[in-house]
Asker: 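There's a structure below that I have some questions on.
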Protein chains: 2
Amino acid sequence: MVVDEWSDETVDRLFHALADTTRRDILRRCVRAELSVSRLAEAYPMSFAAVQKHVAVLERAGLVTKQRSGREQLVRTDPDAVGRAHQALDELESAWRGRVDRMARLLAENPETEENDTTEGPER
Amino acid sequence: MVVDEWSDETVDRLFHALADTTRRDILRRCVRAELSVSRLAEAYPMSFAAVQKHVAVLERAGLVTKQRSGREQLVRTDPDAVGRAHQALDELESAWRGRVDRMARLLAENPETEENDTTEGPER
DNA sequence: CTCATCTACAACCATTTGGTTGTACGTTAG
DNA sequence: CTAACGTACAACCAAATGGTTGTAGATGAG
């Protein structure tokens, strides 16, 4: 059970970082190649400083890391980052339903939504 | 393959709704039992109106639905909600890792143990 | 009917967010 | 060395967030 329990703040930062189109795009770009912040900034219709802030948000959320290379700061998406987001969702989910059920649902993926359970009460 | 492509705004709303401890807690509570907004509000150290707003955010994100029952408004977590969040993450991931890999990872995930990905080497 | 309850929503406020510009500093190119 | 580049960071601003109180409309209980 590698069910690391994160602090609420950690999860807040994670999802908040993901809740922005520009930041998600930065994540996509910086996984295929490390990009300097300036290079990144060229891609968006906003100032360098704005992009810098977005990167900072991603960094605080643990979604990217920065590495100096000369005068450039190379941004790179943490390969495990999205995995951690999945895990955070699983943790949410596990409050009421086992992962088994979740898998079954995903795999079945049928239109008919199954009924409420209330099967077991993991009382809080 | 129901790989619905969502608008940026939709994904923004989804993650933003998840980026708050109170809202995540509401999700957890309202999946095992439908709760009225008042009942929910009793659980938090904030006003009824504040909880109402949180529920509204969750509703706009498609994470919960409300159903009238007399004078009460019963809140209920959408069973597929977290699944959609996973899917949104997968979509992000697919930028550098094929959906095939994703499926492989999902299928490889076994019931009892924890998922740890990085199952295969994503060329990078 | 009357009253208490549950909900909806507006108005307001403090803080955060997402953006801007400007300035300063380290590093590399010439 | 000097100039250009890449970065960091502060100050500022508008808009969004997260919270409050207050008011008003439905609905159920008695």
Side-chain angles (χ1 to χ4, degrees), chain A residues 7-30 33-77 85, chain B residues 7-30 33-77 85:
Chain A
S7 75
D8 288 336
E9 284 183 2
T10 300
V11 181
D12 284 0
R13 275 195 295 267
L14 222 202
F15 285 124
H16 173 253
L18 290 169
D20 181 279
T21 305
T22 301
R23 286 196 288 265
R24 288 194 302 274
D25 195 70
I26 291 177
L27 282 183
R28 288 193 206 92
R29 287 172 188 265
C30 292
E34 297 176 312
L35 292 175
S36 69
V37 184
S38 323
R39 196 61 74 177
L40 266 176
E42 293 171 7
Y44 306 100
M46 64 185 77
S47 69
F48 168 81
V51 174
Q52 214 177 12
K53 284 190 184 180
H54 280 305
V55 171
V57 170
L58 289 168
E59 197 178 16
R60 266 183 275 120
L63 287 164
V64 304
T65 54
K66 287 194 292 187
Q67 185 194 353
R68 270 225 108 84
S69 168
R71 59 184 169 186
E72 294 185 333
Q73 193 82 267
L74 299 182
V75 179
R76 172 159 162 202
T77 300
Chain B
S7 74
D8 288 336
E9 284 182 1
T10 300
V11 181
D12 284 359
R13 276 194 296 267
L14 222 202
F15 285 124
H16 172 253
L18 289 169
D20 180 280
T21 303
T22 301
R23 287 195 288 264
R24 288 194 302 274
D25 195 70
I26 291 177
L27 282 183
R28 288 192 205 93
R29 288 173 188 263
C30 292
E34 298 175 311
L35 292 174
S36 69
V37 184
S38 323
R39 196 61 75 176
L40 266 177
E42 294 171 7
Y44 306 100
M46 62 185 76
S47 69
F48 168 80
V51 174
Q52 214 176 12
K53 283 190 184 178
H54 281 304
V55 171
V57 170
L58 290 168
E59 197 178 14
R60 266 183 275 122
L63 286 164
V64 303
T65 55
K66 286 194 293 187
Q67 186 196 351
R68 271 225 106 86
S69 169
R71 59 185 168 186
E72 293 184 335
Q73 193 80 269
L74 299 183
V75 179
R76 172 158 163 200
T77 301

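Every value quoted in this text rests on a predicted model; they were computed, and no experiment measured them. Sequence lines set the chain letters: A, B, ... in the order given, protein chains first and strands last, and positions in each chain run from 1.
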Asker: Give me the bend of the helix from C/dC1-D/dG30 to C/dG30-D/dC1, using the axes of the five pairs at each end, rounded to 10°.
Answerer: 30°

Asker: Taking atom P of C/dG18 as reference, at what distance in whole Å does atom CD1 of A/I26 sit?
Answerer: 12 Å

Asker: Using whole Å, report how far OH of B/Y44 lies from P of D/dG18.
Answerer: 15 Å

Asker: Can a side chain N or O of A/Q52 be found less than 4.0 Å away from OP1 or OP2 on D/dA8?
Answerer: yes

Asker: Take atom CD of B/E59 and atom P of C/dC9, then tell me their distance rounded to the nearest Å.
Answerer: 10 Å

Asker: Write down the atom of B/D25, the atom of B/Y44, and the distance for their closest heavy-atom approach.
Answerer: OD2-OH, 2.6 Å

Asker: Calculate, to the nearest 0.5 Å, the distance between atoms CG and CG belonging to A/D8 and B/D20 respectively.
Answerer: 9.5 Å

Asker: Restricting to side chain to side chain donor-acceptor pair (under 3.5 Å), what partner residues turn up for B/T10, sequence neighbours left out?
Answerer: B/S7

Asker: What is the nucleic acid contact for B/R23, judged by heavy atoms within less than 4.0 Å: base, sugar-phosphate only, or nothing?
Answerer: sugar-phosphate

Asker: How long is the gap from CD on B/Q52 to CG on B/L40, to the nearest 0.5 Å?
Answerer: 11.0 Å

Asker: For the pair made of NE2 in B/H16 and C1' in D/dA16, what is the distance, rounded to whole Å?
Answerer: 8 Å

Asker: Measuring from A/R24:CZ to A/L27:CG, what's the distance to the nearest 0.5 Å?
Answerer: 9.0 Å

Asker: Sort and list the pairs that fulfil salt bridge (charged side-chain N to carboxylate O under 4.0 Å, His left out) and have at least one residue in residues 37-58 of chain B, not counting sequence neighbours.
Answerer: B/R39-B/E42

Asker: For the residue pair A/L35 and A/I26, establish whether any side-chain heavy-atom pair is separated by less than 4.5 Å.
Answerer: no

Asker: How many Å lie between CZ on A/R24 and P on C/dG18, as a whole number?
Answerer: 12 Å

Asker: In whole angstrom, give the distance that lies between atom CG of A/D20 and atom C1' of D/dT17.
Answerer: 15 Å

Asker: Would you tell me if any nitrogen or oxygen in the side chain of B/H54 comes within less than 4.0 Å of OP1 or OP2 on D/dT17?
Answerer: no

Asker: Between A/S69 and B/S38, which has a closest nucleotide on DNA chain C that is more 5'?
Answerer: B/S38

Asker: Rounded to whole angstroms, how far apart are CG on A/L18 and P on C/dT17?
Answerer: 15 Å

Asker: Tell me what A/R68 touches on the nucleic acid: a base, only sugar-phosphate, or nothing, going by heavy atoms under 4.0 Å.
Answerer: sugar-phosphate

Asker: By the 4.0 Å heavy-atom rule, please label A/S36 as base, sugar-phosphate, or nothing.
Answerer: sugar-phosphate

Asker: Identify each atom pair where a protein N or O and an N or O of nucleotides 20-24 of chain C are less than 3.5 Å apart, giving names and distance.
Answerer:
residue: C/dT20; atom: OP1; partner: A/S47; partner atom: N; Å: 3.3
residue: C/dT20; atom: OP2; partner: A/S47; partner atom: N; Å: 2.6
residue: C/dT20; atom: OP2; partner: A/S47; partner atom: OG; Å: 2.5

Asker: Can you name the atoms? Protein N/O to nucleotides 2-4 of chain C N/O, anything below 3.5 Å, with the distance.
Answerer:
none

Asker: From CZ of A/F15 over to C1' of D/dT17, roughly how many Å is that when rounded to an integer?
Answerer: 19 Å

Asker: Side-chain atoms of residues 54-69 of chain A: list all donor-acceptor pairs with protein atoms under 3.5 Å, sequence neighbours left out, distances to 0.1 Å.
Answerer:
residue: A/H54; atom: ND1; partner: A/R23; partner atom: NH1; Å: 3.2
residue: A/R68; atom: NE; partner: A/G70; partner atom: O; Å: 3.4

Asker: Would you check if B/R28 and B/T77 make a side-chain contact, meaning some heavy-atom pair closer than 4.5 Å?
Answerer: no

Asker: What are the two closest non-hydrogen atoms of B/F48 and B/S38, and how far apart are they?
Answerer: CE1-N, 3.8 Å

